[in-house]
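Taking it in order: structure first as structure tokens, then the write-up.
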Amino acid sequence: MARALWWILCACFAAVGCAAPDLPPLADDTTCSIPEEILPYASAWSGSRSLHVLDCFGNSGKIARQWTKEGFVSSQYDIKLNHEHDVVSRAGYFALLDLALSHRCS
């Protein structure tokens with residue numbers, strides 16, 4: 001799971017042109033069967049990059065709410081708040097990737 005999330009983050013950095021460390025190999029990762037789809041998906045992604053804060057796996061959503069209260073654009077991702085936010089499912093994985101890609105680089 002940790003390697004799959006690492007791939008999400010690195011793909012996002014690569015897509016927005018930010019510096020990112022080399023991607024670790026995923027050959028032995030059994031939680032992610034779609035690593036070859038991540039970089040092309042991220043490179044072709046054309047959504048709005050307006051998200052300031054992604055409250056990921058935060059359960060309560062307090063971080064997103066506080067940043068929103070301060071005037072920033074935020075979003076939450078946690079299976080406890082939305083059953084569709086299951087990072088081990090294909091749809092949930094790409095939903096998280098979409099949120100991460102919508103993060104502002106600077």
Side-chain angles (χ1 to χ4, degrees):
M1 173 86 88
R3 285 191 184 151
L5 294 175
W6 180 250
W7 268 81
I8 289 174
L9 294 174
C10 290
C12 294
F13 284 125
V16 297
C18 297
D22 290 334
L23 298 174
L26 280 178
D28 61 342
D29 192 329
T30 58
T31 63
C32 180
S33 63
I34 54 172
E36 65 279 351
E37 295 179 52
I38 297 170
L39 288 176
Y41 181 87
S43 296
W45 191 84
S46 62
S48 171
R49 298 191 195 281
S50 59
L51 189 64
H52 293 104
V53 176
L54 175 57
D55 186 352
C56 191
F57 311 119
N59 189 13
S60 68
K62 288 181 182 177
I63 292 172
R65 282 195 305 275
Q66 184 61 39
W67 281 84
T68 299
K69 188 187 294 186
E70 297 295 327
F72 293 93
V73 178
S74 66
S75 187
Q76 302 172 47
Y77 184 94
D78 195 306
I79 195 168
K80 292 184 178 181
L81 301 173
N82 182 339
H83 72 279
E84 294 176 3
H85 289 173
D86 182 1
V87 75
V88 298
S89 73
R90 180 181 179 77
Y93 190 88
F94 279 97
L96 178 56
L97 182 56
D98 284 337
L99 285 170
L101 287 169
S102 68
H103 187 264
R104 294 171 60 137
C105 188
S106 55

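Residue numbers start at 1 and run along the sequence shown.
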So, the side chain of [X] versus the backbone of [Y]: is there a donor-acceptor pair under 3.5 Å, distance only?
| X | Y | result |
| --- | --- | --- |
| Tyr77 | Gly92 | yes |
| His52 | Ser74 | no |
| Asp55 | Gln76 | no |

If you look at every heavy atom in [X] and [Y], which pair is closest and at what distance?
| X | Y | answer |
| --- | --- | --- |
| Ser102 | Ser48 | CB-O, 3.3 Å |
| Phe57 | Leu96 | CZ-CD2, 4.2 Å |
| Asp86 | Ile79 | CB-CD1, 3.7 Å |
| Gly58 | Asp78 | N-OD2, 3.3 Å |
| Leu81 | Asn59 | CD2-O, 3.0 Å |

Pair Asp98-Tyr41, side-chain contact (heavy atoms from CB on, under 4.5 Å): steps then yes or no:
CA-CA 10 Å; Asp98 284 337; Tyr41 181 87; 2.5 Å; yes

How many angstroms lie between OG1 in Thr68 and CD1 in Ile63, if you round to the nearest 0.5 Å?
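CD1 of Ile63 is found 11.5 Å from OG1 of Thr68.
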
Out of curiosity, Leu99 CG to His85 NE2, how far, rounded to the nearest 0.5 Å?
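It comes to 6.5 Å.
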
Is Tyr93 reachable from Val88 through a run of I, L, V, M, F, W or Y residues, each pair having side-chain heavy atoms under 4.5 Å apart?
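They do share one cluster, since a chain of ILVMFWY contacts under 4.5 Å joins Val88 to Tyr93.
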
Quick one: do Leu54 and Trp67 end up in the same hydrophobic cluster if we chain Ile, Leu, Val, Met, Phe, Trp and Tyr together by side-chain heavy atoms under 4.5 Å apart?
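No, no single cluster joins them.
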
Residues two or more places apart in sequence or in another chain: which of them pass side-chain hydrogen bond (donor to acceptor under 3.5 Å, both in side chains) with Glu84?
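Glu84 satisfies side-chain hydrogen bond (donor to acceptor under 3.5 Å, both in side chains) with no other residue.
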
